[in-house]
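One structure is given here, and the rest of the page talks about it.
By convention here, the first residue in the shown sequence is residue 1.
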Amino acid sequence: MKISQIIISFCLACILVLACATQAMAFCGFYVGGADAKLFNKASQVIIARNGDRTILTMANDFQGAIKDFAMVVPVPVAIKKEQVHVGKRTTIEKLDAFSQPRLVEYFDPDPCATTQLNESAADSRAVPSAAAPIERARKVRGNLGVTVEDTFKVNEYDIVVLSAKQSDGLETWLRQNGYNIPKGASELLSPYIKQKLKFFVAKIDLKEFDKSGYQVLRPLQIAYESPKFMLPIRLGMINSRGEQDLVVYVLSPKGRVELTNYRTVKVPTDKPVPVFVKSEFGDFYKATFQRIYEREQKKVAFLEYAWNVSNCDPCSSEPPNQTELKEAGVFWGNDGNTSSQPIIRSRRPMASSGTFITRIHVRYTRNKFPEDLMFQETGNQENFQGRYVMRHPFKGNLNCDAGKRYQQTLQARLEQEAGTLANLTGWSIRDIYTKMDFSITQPKKADGNTPFWRNVWSDK
């Protein structure tokens with residue numbers, strides 16, 4: 001990959017911000033599959049820990065190519081100092097991704113003929129709930145480009161320069177002169193950030209330090225700062241992209257859900273019954289479902305995939321993040337939500353803070369459909385939500401009792417409904433769906449006395 005593809009293939013590295021309970025959302029199913037961010041090509045991932053004007057931003061490096069070619073440019077609201085930068089762990093983002101991913105859960109229908117059966121209507125309501133080279137420290141700028149080097153420093157394997165600029169043409173020229181092969185058109189997209197008097201956080205890799213570190217892949221960079229601006233600039237990521245890009249944002253807040261203010265946010269379909277064969281095709285299922293709703297919404301909305309307090313989950317797609325893992329993700333407030341307190345870390349596995357709420361927002365964007373950067377706001381809304389899909393295994397035992405016969409009579413309609421729901425969610429052919437489903441359970445079995453005379457002769461029948 002060329003540097004022209006880098007400066008913001010990571011950009012979204014170009015970021016500024018930058019128990020079944022009695023609740024209606026209680027589910028208590030068995031988690032059997034999930035749809036993580038790895039399903040999507042060119043998917044960037046960002047963690048934003050935000051409380052008031054304080055932010056810790058974690059940017060995942062999904063760079064593909066020679067490490068010597070890696071570079072990124074990040075617009076930031078203030079001049080970042082060395083002590084405000086940290087190199088994080090890839091496992092931090094992987095943890096939040098696994099915890100908040102859309103999920104598939106399963107149930108097994110009970111024996112309708114059992115004498116200790118549950119109330120059928122109650123069981124049904126539970127099964128389907130409603131609702132490169134190092135940068136020189138004082139590199140001299142050639143010509144009057146209006147670019148000021150605010151600071152230079154090293155953090156582990158990263159060489160970092162903080163810039164300010166007066167004109168986009170000058171900034172583009174400076175970047176080119178200093179080894180950044182910026183694609184044509186960069187000035188146009190850099191200009192709005194310069195007008196806002198933003199700074200530019202520029203990073204490269206020190207190859208010697210990287211080799212000494214022993215890591216095979218780039219680690220995420222974390223930046224801490226204070227600013228009333230709560231936004232995520234995605235326009236730089238469109239400089240040399242002609243196709244669609246996916247962005248998954250995990251926002252952590254002590255208050256509740258975080259919402260977009262300049263784009264509509266739509267919940268992904270949830271609580272939908274699907275055929276049991278989806279278990280082996282869940283990745284393909286969710287990609288098709290997401291593409292379908294993306295097109296239905298005219299490709300210009302963001303999607304809510306998860307919103308929940310990190311101290312619990314129902315059902316859990318992975319173990320909730322503990323206090324140490326939340327701190328690694330940037331959570332700087334304590335259990336009471338006070339920004340001055342720090343997470344308590346004990347020798348045994350710490351419990352997650354009940355004062356942290358995670359919002360997972362998935363955006364698929366193009367230059368013409370998302371002309372503005374993403375603008376966020378914190379809210380006090382703590383209503384739980386998750387994208388979840390339900391499969392129910394039919395009971396396949398003896399159904400000779402009256403209750404069993406009634407169950408069998410209703411099963412045909414249920415399976416047909418599941419097929420129709422799947423076709424509507426994904427756009428898959430209903431005929432193809434039917435060929436993958438087992439409808440044999442819906443056919444009454446003849447009693448032993450009525451067994452056809454040829455059954456025991458042709459055993460393959």
Residue pair Glu157 / Arg219, side-chain heavy-atom distance below 4.5 Å: yes
Assess the pair Phe108 and Phe30: is the distance between their ring centroids shorter than 6.0 Å? no
Does a sphere of radius 6.0 Å around CZ in Arg431 hold more than 12 heavy atoms from other residues, nucleotides or ligands, not counting ones at 6.0 Å or beyond? no
Let me confirm one number: the CD1-CG distance from Ile234 to Leu247, rounded to the nearest 0.5 Å. 7.5 Å
Counting neighbours of NZ on Lys89 that are heavy atoms of other residues, nucleotides or ligands and sit closer than 6.0 Å, is the number greater than 12? no
Please check if the distance between the ring centroids of Phe99 and Tyr250 is under 6.0 Å. no
For Thr421 versus Lys272, what's the shortest heavy-atom pair and its separation? CG2-CB, 4.0 Å
With side-chain contact (heavy atoms from CB on, under 4.5 Å) as the test, pick out the partner of Gln222 among Thr58, Val87, Leu57. Thr58
Exactly one of Arg360, Gln101, Arg103 clears side chain to side chain donor-acceptor pair (under 3.5 Å) with Gln386, and that residue is Arg103
Check: Leu218 and Phe210 side chains under 4.5 Å, non-hydrogen atoms: yes
Centroid-centroid under 6.0 Å between Phe303 and Phe290 rings: yes
Are any of the side-chain nitrogens in Arg264 or Glu297 under 4.0 Å away from the carboxylate oxygens of its partner? yes
Check this for me: Tyr215, atom OH, are more than 12 non-hydrogen atoms of other residues, nucleotides or ligands nearer than 6.0 Å? no
